[in-house]
Amino acid sequence: MLKHYDHSKAETKWRKFWEAKKLYKTDLQDSTKPKYYNLVMFPYPSGDKLHIGHWYSYAPADSWGRYMRMKGFNVFQPIGFDAFGLPAENYAIKTGVHPAQTTKTNIAYMRKQLKAMGAFWDWDAEVVTAEPDYYKWTQWVFLQLYKNGLVYRKTAPVNWCPSCKTVLANEQAQDGLCDRCDSEVTKKDLTQWFVNIKQYAQKLLDYKGLDWPEKTRLMQENWIGRSEGSEVDFEIQGYDKKITVYTTRIDTLYGATYMVLAPEHELIEKITTIENKKSVENYIKKTRKATDIERSAEDREKTGVFTGAYATNPVNGAKIPIWIADYVLVHYGTGAVMAVPAHDTRDFAFAKKYKLPIKEVISPINNSIKSTLPKAAFVDDGKLINSSEFGGTPSAQARLDITRFLDKKGLAKLKINYRLRDWLISRQRYWGAPIPIVYCDKCGEVAVAEKDLPVKLPMDIDFTPKGDGKSPLNTSKKFVTTKCPTCGGPATRETDTMDTFVCSSWYFLRYPCSQLEGKPFEEKMLSKWLPVDMYIGGPEHACMHLLYARFIHKAMHDLGYVKASEPFKRLVHQGMITKNGAKMSKSKGNVVSPDEFVKMYGSDVFRMYLMFMGPFTQGGDWNDKGIVGIKRFVEKFWRAMMEEVKDGEKIAPAIIHKTVKKVTEDIDAMHFNTAISALMALANEASGKVLSKDQKQVATRLIAPLAPHLAEEIWSKVGGKGSVFEESWPTYDSAQIVDDEITIAIQVNGRLRGTILIPKDLGKEAVLARAKAEENVKKYLAGQVVKEIYVPGKIVNLVVK
RNA sequence: GCCCGGGUGGUGGAAUGGUAGACACGCAGGACUUAAAAUCCUGUCUCAGCAAUGGGGUGAGGGUUCGAGUCCCUCCUCGGGCACCA
């Protein structure tokens, strides 16, 4: 037998074996075994290639898939590439290398890296979102949304870099600075495509049947931001229009002493009096010029301007001035609020600054709480005062009563509001899926016919920005010029492309259809394979990808394309791997590549080292100091299995059974780190001892999901047939785990004073007697024993006075 | 400001309310070797002690309990998310 395990030889050999046997490939039609859709968030083919963060996520995901396979599931584990997007395009602008070329090169390299991992990816199901046979269906999805009123076009402000004279995606305008030139980003109105995700806000708050981290659910709930309140109409004095406001505190209506409109509110122009016109115009101009940085500055002083107009408070007829201030947001609620300075922090600050009246209408409900007035707004619920017939009513009740009271006059109604905004999917960018819409002089806006998909992205194009804020596709006459699908007349194509999040919000529906010729939305197949049983990826996608994907999936469900109402039944986030405490990124120059470690130690050692670092969901800071420990373990395990010890001490069967139990429970909980410790303990225990062939095979099956190549090599040498992954997961006998003798800890007044070894079935009285007789314990029993506690099999605690 | 999640040896970390520090890394000593590497053995929270043993100890302070790293309250601190959302 070989003294050393040659990882590089073995890993190459077994990868070839798996490939030859197509062991990674899933028969998607199979119905003899329960299906298990095991998915990881597919990578972006960046210039950094795969880094150890990918490995940290993908390797355990593969271990999980292999484990489920051994547990008897028909596991489907696909992989692909999220290939459209800005980095490739920006790189192209800088270097002139076509994004298609960069993407192709990166994918080829990453594919090699992924293969070196030796994971059971079903490569036959691979998708690349930038390829026409994929984005054809991205466009198809768009058309389904379009035809069902879930996509619309409207003019909206977008990020604009005044220096580059170009539109920026949100991702390019982070922290209000332009990605390329660091100028401050401003807003510019452009006609854009939106997806009506808001329509699904309520449905997206339903997580029934989902096994998701609480944290992710909370993040999404927070993002969707449901709130219950009322809409109230205020008449404008001397003008035949009403202003509707949204409030969650209609109970404070009697305290409304002024009203505020967002600077973008449509009524401003009409209600502003002549003498205030100039100051109002100036104010609006100023806020429009303000950069995102200025607008979101912390503790920014409130500013505003009076319109000269007045509204009538619907409950008491009070005349209240109408102001404009940019602390009111146009996109939330109605873009107008009633201001109650006594009971709202922001209104309070504004009222103080502009010397507007503050009227107290809520007082604390009991005497133990004191109102914060007049120093600060009192924002808690309480009971109403100074509110005529509603005086004395508790806030919660008053909200219903006042709404109902005004509802009778048609002036108010209950209203649920969401913070979630519609999803802007237009990008004036080249490297994305073209939006399948054409504009015809006669017919207007027309959808491309499904049979004419894909609308191909032209390859020979000048993708440098022209400074007009338009998509580079505009420069391609060949692309722009087309015929109207309806009338056949001359038409022009939409030149915006789709946000890459559109491509990635449905890719999990593409994989299960991969074995069907060109039918990516076969209901039968999708209903068989969806939802994804396990979805593994980073928590940074909580409010973007994971929300978009749920939305698209629900829409497709409602349109009858898939039975499941949710895409991801179980979601697990791996922790983040940092380098010297910082997120790995090219700009920081701290990206660690897995390649050298894989080459030096092999895939098994590297993946186990990552898993051994700590709990999977925790992540950690990368350093390679401990990797030798795993290498030693692999060698030790190898030797323990290869050794033919004769006439030596036999390993206790209980140890094998205990290890099976521990490893099974740990992998079930995705505690790969402790599963590995348990196997280390087994290797330590087994060294130099006699193991039966059966015991060796059990141990080999246990390590298989964690160190697949090593396991195959050992399997072939301990009498195993075929692949160890065609074997079932080992089981244990609970009866074998119980030791005949157990150690009991003995405490006196909660302090450990000794341990005793007792037969496992010894009764309470006998255990207590033995405990008291223990030499060291005796010393502490001078006083009266007032209480005796015995936790069977664990501990004795004697309480002495 | 609001909502989450952490804080345990020199390091990564382990511990259904029941012997804190498993399993590793590192370090120290030893065996093997001419030597080194590899491997193996022993020790390794801290203080006192040759030892047996005892005191202290899981960010800080209180509390519940026979018993708290674990549960409750207050605070400190680090990480993540959201943030003028009426």
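So that the names make sense, note that chain A is the first sequence line, chain B the second, and so on, each numbered from 1.
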_Just to be sure I understand the rule, does A/Asp621 reach a base, reach only the sugar-phosphate, or reach nothing, if contact means heavy atoms closer than 4.0 Å?_
nothing
*Residue-phosphate contact under 4.0 Å: A/Asn222 side-chain N/O, B/A83 OP1/OP2*: no
*asked:* Using the C1' atom as the point on both nucleotides, what is the distance between B/G56 and B/G49, in whole Å?
replied: 15 Å
_For a quick check of understanding: with a heavy-atom distance under 4.0 Å over all strands, which category does A/Ser227 fall into, base, sugar-phosphate or nothing?_
sugar-phosphate
*Nearest to the side chain of A/Ile795, which nucleotide is it out of B/U53, B/G18, B/A22?*
B/G18
*Looking across every strand, which nucleic acid part, if any, lies under 4.0 Å from A/Tyr790 by heavy atom: base, sugar-phosphate, or nothing?*
nothing
*Indicate, with a heavy-atom threshold strictly under 4.0 Å, whether A/Lys662 touches base, sugar-phosphate, or nothing.*
nothing
*Could you tell me whether the side chain of A/Arg249 reaches within less than 4.5 Å of the side chain of A/Val361, counting heavy atoms only?*
no
*Look at the side chain of A/Lys302 and the base of B/C84, then say whether one donor and one acceptor between them are separated by less than 3.5 Å.*
yes
*Would you say A/Arg753 reaches B/G54's phosphate, i.e. side-chain N/O to OP1/OP2 under 4.0 Å?*
yes
*Closest nucleotide among B/A38, B/G54, B/G26 to the A/His4 side chain*: B/A38
*Which nucleotide in the list B/A86, B/G56, B/G26 gets nearest to the side chain of A/Asp344?*
B/A86
_On RNA chain B, compare the nucleotides closest to A/Arg419 and A/Trp223; which residue's is nearer the 5' end?_
A/Trp223
*Report the residue (A/Met219 or A/Gly333) whose heavy-atom-nearest nucleotide on RNA chain B is the more 5′ of the two.*
A/Met219
*Taking CZ from A/Arg249 and P from B/C84, how many angstroms apart are they, rounded to a whole number?*
20 Å
*B/A68 - base-pair partner by Watson-Crick or wobble geometry, distances under 3.5 Å*: none
*asked:* Rounded to whole Å, how long is the line connecting atom CG of A/Leu798 with atom P of B/C66?
replied: 15 Å
*Looking only at atom P, what distance separates B/A83 and B/G26, rounded to whole Å?*
45 Å
*asked:* Work out how far the P atom of B/U44 is from that of B/C23, and round it to whole angstrom.
replied: 12 Å
*Distance-only, no hydrogens or angles: does the A/Thr372 side chain make a donor-acceptor pair with backbone N or O of A/Ala377 under 3.5 Å?*
yes
*Any strand is fair game: report the nucleotide pairing with B/U34 by Watson-Crick or G-U wobble, both distances under 3.5 Å, or none.*
none
*Considering only the P atoms, how many Å lie between B/G21 and B/G57, rounded to the nearest integer?*
16 Å
*Using purine N1 to pyrimidine N3 plus N6-O4 or O6-N4 for Watson-Crick, or N1-O2 and O6-N3 for G-U wobble, both under 3.5 Å, which nucleotide pairs with B/G57?*
none
*asked:* What's A/Asp347 touching, base or sugar-phosphate or nothing? Going by heavy atoms closer than 4.0 Å.
replied: nothing
*Pairwise P distance for B/A22 and B/C72, with rounding to whole Å*: 27 Å
*asked:* Is A/Arg632 close enough to B/C25 that one of its side-chain N or O atoms is under 4.0 Å from OP1 or OP2 there?
replied: yes
_With a cut-off of less than 4.0 Å, is there a side-chain N or O of A/Tyr332 near OP1 or OP2 of B/A86?_
yes
*B/G79: syn or anti, with syn meaning chi within 90° of zero?*
anti
_Rounding to an integer number of angstrom, what distance separates B/G43 and B/G6 when you compare their P atoms?_
35 Å
*Backbone of A/Leu204 reached by a side-chain donor or acceptor of A/Arg550 within 3.5 Å*: yes
*If the plane angle is over 60° it's perpendicular, under 30° parallel, otherwise tilted; pick one for A/Phe597 and A/Tyr601.*
parallel
_Candidates B/G55, B/A24, B/A14 - which lies nearest the side chain of A/Thr674_ = B/A14
*asked:* Rounding to an integer number of Å, can you tell me how far A/Leu706 CG sits from B/C23 P?
replied: 18 Å
*Relative to A/Tyr327, does A/Lys302 satisfy both conditions: NZ or CZ under 6.0 angstrom from the six-membered ring centre, and within 45 degrees of the ring's axis?*
yes
_So if I take every side-chain heavy atom of A/Arg639 and compare against B/C23, B/C40, B/U19, which nucleotide ends up nearest?_
B/C40
*Which part of the nucleic acid, if any, lies within reach of A/Val791 when heavy atoms closer than 4.0 Å are counted: base, sugar-phosphate only, or nothing?*
base
*Residue A/Gln747, side-chain heavy atoms: nucleotide from B/A38, B/G18, B/C84 that is nearest*: B/G18
*Quick one: label A/Pro539 by what it contacts on the DNA or RNA (base, sugar-phosphate, nothing), any heavy atom closer than 4.0 Å.*
nothing
*Using the P atom in both, what is the distance from B/A14 to B/G29, to the nearest Å?*
31 Å
*Minimum-distance nucleotide (side-chain atoms of A/Lys636 versus B/C40, B/G67, B/C23)*: B/C40
*Aromatic centroids of A/Phe306 and A/Tyr354 separated by under 6.0 Å*: no
*Figure out the CZ/P separation between A/Phe612 and B/G12, and round it to whole Å.*
13 Å
*Among the candidates B/C4, B/G18, B/A86, find the nucleotide nearest to the side-chain atoms of A/Val328.*
B/A86
*Given that both distances must come in under 3.5 Å, which nucleotide forms a Watson-Crick or G-U wobble pair with B/U42?*
B/A28
*Taking the side chain of A/Val337 as its heavy atoms from C-beta onward, which of B/C23, B/A15, B/A86 lies nearest to it?*
B/A86
*Searching all strands shown, indicate the nucleotide that pairs with B/G1 (Watson-Crick or G-U wobble; both distances under 3.5 Å).*
B/C82
*Could you state the atom-to-atom distance from CG of A/Asn749 to P of B/U19 in whole Å?*
17 Å
*asked:* Can you tell me the base-pairing partner of B/G49? Count Watson-Crick or G-U wobble geometry only, both distances below 3.5 Å, and say none if there is no partner.
replied: none
*Give A/Gln618 one of three labels, base, sugar-phosphate or nothing, depending on what nucleic acid heavy atoms sit under 4.0 Å from its own.*
sugar-phosphate
*Is the phosphate of B/C25, meaning OP1 or OP2, less than 4.0 Å from a side-chain N or O of A/Tyr609?*
no
*When rounded to the nearest 0.5 angstrom, what distance separates OG1 in A/Thr216 from CG in A/Leu210?*
11.0 Å
*Go through the side-chain N and O atoms of A/Thr403 and A/Ser230 and say whether any donor and acceptor fall under 3.5 Å apart.*
yes
*asked:* What is the separation between atom CD on A/Glu665 and atom P on B/A14, rounded to the nearest whole Å?
replied: 16 Å
_Whether A/Asn673 contacts B/A22 is assessed here as follows: a side-chain N or O lying under 4.0 Å from the phosphate OP1 or OP2. Is that the case?_
no
*What's the closest nucleotide to the A/Ala745 side chain, out of B/U39, B/G56, B/U19?*
B/U19
*Is the distance between the ring centroids of A/Trp622 and A/Tyr609 under 6.0 Å?*
yes
_A/Leu547 CG to B/G81 P, straight-line distance once rounded to whole Å_ = 16 Å
*asked:* What is the separation between atom NZ on A/Lys787 and atom P on B/C66, rounded to the nearest whole Å?
replied: 5 Å
*On the 0 to 90° scale, with breaks at 30° and 60°, tag the A/Phe672-A/Phe616 ring pair as parallel, tilted or perpendicular.*
perpendicular
_For B/U16, does the base pair up with any side-chain atom of A/Lys794 as donor and acceptor (N or O, under 3.5 Å, distance only)?_
yes
*Take atom C1' in B/G7 and the same atom in B/G13, then report the distance between them in whole Å.*
13 Å
